[in-house]
Amino acid sequence: MAESARRARGGGGAARRAARTAVSFETARYIERNIPNFEVLTEEALEIIEQNADAVLEEIGVNFPDNPEALALWREAGADVQGERVRIPRGLARKLCSTAPPTITQVARNRDRDVVIGGRNLVLAPVYGPPFVRDAAGGRRYATMADFEKFVKLGYMSKWLHHSGGTVCEPTDIPVNKRHLDMLHAHMTLSDKPFMGSVTEPSRAQDSVDMCGILFGKDFVQENTVMTSLININSPMTFDDVMMGALKVYAENNQACIISPFIVGGAMAPVSVAGTLTQVLAETLAGIAYSQLVRPGAPVIMGAFVTSIDMNSGAPTFGTPEAAHITYGAGQLARRLNLPYRSAGSFTGSKLPDAQAAYETSNSLNMGLLSGVNFMLHACGWLEGGLVSSFEKFVMDADQLGTLHHLARGVEIDVNAQAMDAIREVGPGGHYLGCAHTQSNFRDAFWKSDLLDYKPFETWSDEGARDTQSLATARVEKMLADYQQPALDPAIREALDAFVATRKAAEPDSFS
């Protein structure tokens, strides 16, 4: 079956017919910043944090539990390994990290939608991981595979979203040990944007690699990065064997991993910005260094997922100034390591897509743009501290991602942008609505939301006085009604279907 898929990829009649009938929705190219990064740490502060992180690794160390293979690699590299504790001599982790590439090109099955992660680029990907979904009609409920497929379709059709993401919600109606197959199948068949692999068990990471071998070709996968996957560190300073097992599979197969602490300040890291940054740097250095022990040159992204905490309730808080300081600072540290940087998103603790959600999301998105983030997971759809994927908030956020694109362009200063002809034409007391410069530029002069309401009060009232959530509900319905599946070679689709069916039949269902 896989062999027939490879033959079809060579240019058979079915492939040509599929290409001719392909439906393509406009997708903006990933962001290339023409604005400066916002930096909060002085050179002295950066050096102190780097020295303290080295001290953490050398004196305190990190744990690699239930992972004798990892411990052996560290011991061979020169680390002091006592039990499951790994103490890394000063400078060793940084030296190992130096083999990681500064930029990563992730290939999409539609090559027009390849993304370059690193440098001054910003790639936007949707929410990841919530077990619940919410919409205006059904309220809050456990996510299903049908919900998952709807989110993939919305992501595919969203102009400002560059990436299909990974676990856009957790489909709880599919067995735990098999749902990764359905999720990957959905990303591969319902969208042609880049996507993420499974990390919940090493064998599932291998399934992800094998399915990509069907979609892209086995040799192509070994020579190109076609997946990005999220490897969370169990902060503080613990690298569990499941995540490290998945990392090993991806590193060995040349696939990118986001190596990211998961930190709630005050619970999983110190309450101070400098203390948290020290721990973030120590953890990411150790994790990235381990990936390079597995395979020097393996593509990795330095991650920092950081929130603060409500000291009364213990609940995580989002869009706060402390989280912003950490995100800005981590960006500076990532650039000093010459590594791609993942952070930020449409973060909010709100239960609904309301004013709180808008404030916190706006703060978080702009923080991500200005901090130099290269890969922004959770860029749209996040609600309730990451417990909920919201359909309405998905399209609200996806619409607002357009502002990041336009802000990142910076200020043009060419002859047209100077507008001296317009100023001369209009003169004192005139107006610019009818002048030649306005007529030539009005179509592209300003970013315009495809969702928000700018109509006069009377028109808005006559149309039902709809709030933003109501407009978003209508937009979700329209996008799903307009969705058309991107063409895929029938032989490849058949081979993917067969792989999923075979793997599902190979073991009994498990919901634990």
Side-chain angles (χ1 to χ4, degrees), residues 31 33 35-50 52-53 122 124 127 235-236 260-284 302-336 341-380 382-387 393 396-397 400-401 403-404 407-408:
I31 293 173
R33 290 179 180 84
I35 57 175
N37 297 315
F38 187 71
E39 300 190 341
V40 297
L41 299 177
T42 64
E43 180 67 23
E44 180 185 12
L46 289 164
E47 290 176 357
I48 289 171
I49 290 168
E50 289 172 340
N52 289 346
L122 171 56
L124 301 169
V127 63
S235 302
S260 186
F262 190 97
I263 286 178
V264 178
M268 302 168 185
V271 294
S272 65
V273 170
T276 297
L277 282 171
T278 295
Q279 184 178 311
V280 166
L281 181 57
E283 291 179 349
T284 53
M302 174 177 162
F305 178 91
V306 178
T307 71
S308 48
I309 194 170
D310 184 321
M311 286 298 184
N312 292 319
S313 69
T317 54
F318 300 91
T320 61
E322 294 78 19
H325 284 151
I326 293 165
T327 305
Y328 292 134
Q332 290 180 255
L333 293 167
R335 288 189 290 277
R336 286 164 73 92
Y341 175 42
R342 170 258 165 156
S343 196
S346 62
F347 297 147
T348 178
S350 181
K351 317 305 179 289
L352 296 169
D354 56 10
Q356 178 185 342
Y359 284 130
E360 292 175 347
T361 292
S362 179
N363 286 345
S364 299
L365 290 177
N366 281 286
M367 169 190 75
L369 176 68
L370 296 177
S371 63
V373 165
N374 301 119
F375 188 89
M376 186 188 293
L377 195 56
H378 311 300
C380 59
W382 170 292
L383 207 61
E384 201 179 320
L387 289 175
K393 191 164 184 290
M396 291 162 67
D397 293 340
Q400 285 299 297
L401 296 179
T403 64
L404 301 188
L407 281 168

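Not measured: the values here are computed from a predicted model.
Under the 4.5 Å side-chain criterion, counting only non-hydrogen atoms from C-beta, Gln279 is in contact with Ser235. In this structure the side chain of Ile49 never reaches within 4.5 angstrom of the side chain of Asn52, judged on heavy atoms. At least one side-chain heavy atom of Arg336 sits less than 4.5 Å from a side-chain heavy atom of Glu47. Looking at Thr320 and Asn363, their side chains never come closer than 4.5 Å, going by heavy atoms from C-beta outward. Under the 4.5 Å side-chain criterion, counting only non-hydrogen atoms from C-beta, Arg33 is in contact with Leu369. Considering only heavy atoms from C-beta on, Met396 stays 4.5 Å or farther from Thr361 through its side chain. Side-chain atoms of Leu365 and Met376, non-hydrogen and from C-beta on, do get closer than 4.5 Å to each other. The shortest distance between side-chain heavy atoms of Tyr328 and Leu277 does not fall below 4.5 Å.
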Steps toward side-chain contact (heavy atoms from CB on, under 4.5 Å) verdict (Ile48, Thr278)
CA-CA 9 Å; Ile48 289 171; Thr278 295; over 6 Å; no
Checking Glu322 against Val306 for the side-chain contact (heavy atoms from CB on, under 4.5 Å) test, could you report, in this order, the C-alpha distance in whole Å, the side-chain angles of both residues, the deciding distance, and whether it holds?
CA-CA 9 Å; Glu322 294 78 19; Val306 178; over 6 Å; no
Could you please spell out the steps behind the side-chain contact (heavy atoms from CB on, under 4.5 Å) verdict for Val280 and Leu333?
CA-CA 10 Å; Val280 166; Leu333 293 167; over 6 Å; no
Hey, mind stepping through Ile263 and Ile326 against side-chain contact (heavy atoms from CB on, under 4.5 Å) and telling me if it holds?
CA-CA 11 Å; Ile263 286 178; Ile326 293 165; over 6 Å; no
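The two residues Gly329 and Leu41 have their closest heavy-atom pair at CA-CD1, 3.7 Å. Heavy atoms only, all atoms of each residue included: Ala379 and Leu401 are closest at O-CD2, 3.7 Å. Between Asn37 and Gly372, the shortest heavy-atom distance links the atoms OD1-CA, 3.3 Å. Contact between Val40 and Gln332 at its shortest, heavy atoms only, is N-OE1, 2.9 Å. Closest approach of Ala304 and Tyr341 over heavy atoms only: CB-CE1, 4.1 Å. Looking at every heavy atom in both residues, Ala357 comes nearest to Pro353 through CB-CA, 4.0 Å.
Taken from CG in Leu383 to CG in Asp397, the straight-line distance is 9.0 Å, to the nearest 0.5 Å. Going from atom CG of Asn366 over to atom CG of Leu404 covers 6.0 Å, rounded to the nearest 0.5 Å. Considering CE of Met302 and CD of Glu283, their distance stands at 10.5 Å, rounded to 0.5 Å. Distance check, rounded to the nearest 0.5 Å: CZ of Phe318 to NE2 of His378 gives 9.0 Å.
A donor-acceptor contact closer than 3.5 angstrom links the side chains of Thr317 and Ser308. The closest side-chain donor-acceptor pair between Glu360 and Ser350, if any, does not fall under 3.5 angstrom.
In terms of modelled atom types and a separation under 3.5 Å, the side chain of Ser364 and the main chain of Ala344 share no donor-acceptor contact. Within the 3.5 Å criterion, the main-chain N or O of Gly368 finds a donor-acceptor partner in the side chain of Ser371.
Not counting sequence neighbours, the partners of Phe262 by the ring-ring contact (aromatic ring centres under 6.0 Å, His included) test are Phe305. Residues forming a ring-ring contact (aromatic ring centres under 6.0 Å, His included) with Phe375 (at least two apart in sequence, or on another chain): His163.
More than 12 heavy atoms of other residues, nucleotides or ligands sit less than 6.0 Å from atom CD of Glu43.
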Enumerate, atom names and distances included, each donor-acceptor pair closer than 3.5 Å involving a side-chain atom of residues 269-276, sequence neighbours excluded.
from   : atom 1 : to     : atom 2 : distance (Å)
Ser272 : OG     : Gly275 : N      : 3.1
Thr276 : OG1    : Pro270 : O      : 2.8
Thr276 : OG1    : Ser272 : O      : 3.0

